[in-house]
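Data block below; observations after.
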Amino acid sequence: MSVYDILEERGYIEQNTHETELREVLEKKNISFYIGFDPTADSLHVGHFVQVMVMMHMQKAGHRPIALLGGGTGMVGDPSGRSDLRQVMTTATIDQNCENFKNQLSRFIDFSEGKAICVNNADWLRDLKYIDFLREVGSQFSVNRMLTAECFKSRMEHGLSFLEFNYMLMQSYDFLELYRRYDCQLQLGGNDQWSNILGGVDLVRRLDQGQAFGMTFKLLATSEGTKMGKTAKGALWIDEEKTTPYEFYHYWRNIADADVENCLALLTFLPMDEVHRLGALQDSKINEAKEILAFEITKLIHGEEKAKKAEEAERALFSKNGAVGEVPSVEMSEADFKDGMNILDVYIKVGLISSKGDGRRLIQQNGIKIKGTAITDFNYMITLDDFEDGKLLLQKGKKAFKQIMIQG
RNA sequence: GGGGAGGUUCCCGAGCGGCCAAAGGGGGCAGACUGUAAAUCUGCUGUCUACGACUUCGAUGGUUCGAAUCCAUCUCUCCCCA
């Protein structure tokens with residue numbers, strides 16, 4: 001079974017520039033391909049992870065991944081799928097983000113012995129000569145055509161700066177550069193990158209008469225079409241400092257039934273017959289599938305040990321016997337509770353609520369529980385008597401927990 | 001460069017001198033129901049030392065007993081013309 005078939009079967013593929021040719025090339029030889037990551041944040045998130053999964057599949061099949069960090073394109077900002085102007089970032093931030101991306105990517109992709117390459121387009125984009133660039137690359141693009149591209153449509157109403165308009169050329173030029181430097185023949189990306197990818201494919205074909213291909217993948221979305229991997233705090237980050245393994249696990253444990261199969265296929269390496277079997281489970285049985293999904297993804301990203309801990313914590317909390325496992329915990333000192341501490345202050349301190357007003361509302365709605373019983377008094381004081389073995393489990397609603405550990 | 005329209009709470013979007021912490025929707029949170037899901041229904045959704053006080057309607061100054069609402073300057077965005 002070829003990689004193409006695998007990618008197709010698992011539901012990654014959305015669009016394709018030259019399907020039959022590409023299929024053939026992928027089967028007959030090992031090629032270099034690239035995926036670009038613009039350093040828009042200090043960590044990758046699950047959205048990126050779909051791309052990373054594809055890279056892993058491709059690498060397994062013997063193709064050489066090129067991870068392209070957008071140190072240059074990040075300075076321009078991709079307007080695709082954006083309704084507003086991107087925040088312009090400083091060069092220092094961009095470089096730092098690139099560094100983080102690189103470290104994270106190397107956990108999934110094997111960069112040893114030239115099995116994969118990591119490059120930064122800052123290396124060639126930042127020193128471009130404007131006139132030269134316009135003459136070589138700019139002349140190949142038709143503004144009329146560009147304007148009809150889907151990615152600019154939404155911006156036609158809200159406004160699009162010339163800076164961002166150039167993004168497509170930059171990305172296209174990347175492909176050309178990688179084609180020339182590393183014989184890179186294929187660009188992959190999320191479906192929002194379709195027009196940018198097409199631009200590159202065309203450019204390589206026109207200027208170098210090269211055989212270049214493009215392919216896009218489904219964006220991670222729920223069955224209802226909304227973006228996936230969003231939490232109240234923002235994205236689901238790969239960096240465990242930004243999204244703890246527990247939070248991460250919890251997210252997948254809680255997804256909608258309809259999304260289980262899709263996520264298993266895209267975000268785990270489980271064999272497809274297993275994926276189908278799990279996805280077909282009905283009613284409460286699908287919880288089994290959700291547990292597996294959550295465990296597998298967490299394992300991929302944070303390692304088996306942390307995934308197990310997260311799983312134990314989750315099980316313990318919801319199995320009603322009150323056993324406390326590896327819940328996110330906060331350390332506080334004994335002195336804090338000597339004279340008692342107001343419940344609202346405690347909840348703010350551990351980060352379960354954002355303000356006292358928020359806490360008061362929750363209390364009125366029976367949303368705050370300690371030791372399994374709802375608190376009804378705003379003035380409830382938490383004292384050392386509430387602790388057992390130096391631990392106290394705080395609960396907010398049904399699903400949010402935090403544990404306080406007394407130290408010292 | 002000229003002309004016009006705008007910037008409202010997490011988002012969209014009403015309000016256009018006091019009745020405005022600001023309609024409505026979305027999102028979020030909680031409760032009921034359930035399978036820890038979805039859908040549905042209900043409540044909440046600026047902060048606090050809380051029947052009151054304080055901070056918010058692009059920014060800064062001003063007019064007024066009183067401003068999100070009026071005036072001036074600034075700033076940003078969009079549209080039309082060149």
Side-chain angles (χ1 to χ4, degrees), chain A residues 77 79 81-88 152-165 221-236 246-264 278-295 298 310-323 325 327 341-345 347-348 351-370 372-379 381 393-402:
Chain A
R82 281 227 144 205
S83 51
D84 54 337
L85 192 73
R86 270 183 200 276
Q87 183 93 37
V88 176
F152 292 127
K153 284 233 176 86
S154 66
R155 289 307 216 80
M156 295 312 285
E157 291 165 34
H158 301 284
L160 174 70
S161 68
F162 185 66
L163 175 77
E164 290 178 292
F165 188 59
T222 65
S223 55
E224 293 179 344
T226 56
K227 266 196 185 168
M228 202 155 192
K230 285 269 176 189
T231 68
K233 287 188 223 157
L236 265 190
Y246 175 77
E247 285 170 315
F248 191 84
Y249 179 96
H250 189 69
Y251 180 89
W252 301 106
R253 181 63 187 81
N254 257 323
I255 62 166
D257 292 4
D259 298 323
V260 172
E261 186 164 337
N262 189 233
C263 288
L264 281 167
L278 290 168
L281 292 174
Q282 289 298 309
D283 303 320
S284 60
K285 281 191 190 137
I286 197 150
N287 282 321
E288 186 203 331
K290 290 186 189 176
E291 277 200 345
I292 293 174
L293 171 70
F295 179 77
T298 311
E311 185 177 64
E312 279 164 27
E314 185 89 357
R315 279 191 184 146
L317 285 173
F318 292 109
S319 64
K320 304 202 171 108
N321 59 26
V327 188
M341 188 166 177
N342 179 272
I343 181 127
L344 296 172
D345 289 323
Y347 267 71
I348 285 185
L352 277 173
I353 58 175
S354 58
S355 72
K356 291 192 180 180
D358 189 16
R360 288 197 167 90
R361 268 170 240 129
L362 282 163
I363 286 178
Q364 277 169 4
Q365 297 174 136
N366 287 327
I368 285 199
K369 290 181 192 160
I370 64 170
T373 48
I375 301 297
T376 51
D377 179 9
F378 297 160
N379 299 315
M381 298 299 276
L393 185 66
L394 304 176
Q395 185 175 357
K396 175 197 161 202
K398 285 177 197 158
K399 296 176 215 157
F401 298 86
K402 222 68 194 258

- Identified stems (criterion: three or more consecutive Watson-Crick or G-U pairs, under 3.5 Å), RNA chain B: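 Paired runs of 3+ in RNA chain B: B:1-7 with B:75-81, B:10-12 with B:24-26, B:27-32 with B:40-45, B:46-48 with B:52-54, B:58-62 with B:70-74.
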- Under 4.0 angstrom between A:Ser355 side-chain N/O and B:rC48 OP1 or OP2: yes
- Task: Return no unless some side-chain N or O of A:Lys399 is found under 4.0 Å from OP1 or OP2 of B:rA37.
- Result: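 A:Lys399 to B:rA37 OP1/OP2: side-chain N or O found under 4.0 Å.
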- Any N or O donor-acceptor pair linking the side chain of A:Lys398 to the base of B:rU34 at under 3.5 Å? yes
- Item | Side-chain heavy atoms of A:Ile370 within contact of A:Ile343, under 4.5 Å |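 Side-chain contact under 4.5 Å: yes.
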Check every atom of [options] against the side chain of [X] and return the nucleotide holding the closest atom.
X	options	result
A:Ile286	B:rU49, B:rA30, B:rG35	B:rG35
A:Ala256	B:rG35, B:rA37, B:rC48	B:rA37
A:Lys396	B:rU36, B:rA30, B:rC48	B:rA30
A:Asp257	B:rG35, B:rU36, B:rA30	B:rG35

May I ask you to say what [X] touches in the nucleic acid, namely base, sugar-phosphate or nothing, with a heavy-atom cut-off under 4.0 Å?
X	value
A:Asn366	sugar-phosphate
A:Ile368	nothing
A:Arg361	sugar-phosphate
A:Lys290	base

Give the rounded distance in Å between these two atoms: [atom1] of [X] and [atom2] of [N].
X	N	atom1	atom2	value
A:Tyr251	B:rA37	OH	C1'	12 Å
A:Glu288	B:rU36	CD	P	16 Å
A:Gln365	B:rG28	CD	C1'	12 Å

- Query: Just by distance, do the side chain of A:Lys290 and the backbone of A:Ile255 share a donor-acceptor pair under 3.5 Å?
  - Reply: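 Answer holds: yes.
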- Item | Whole-Å C1' distance, B:rA32 and B:rU77 | 45 Å
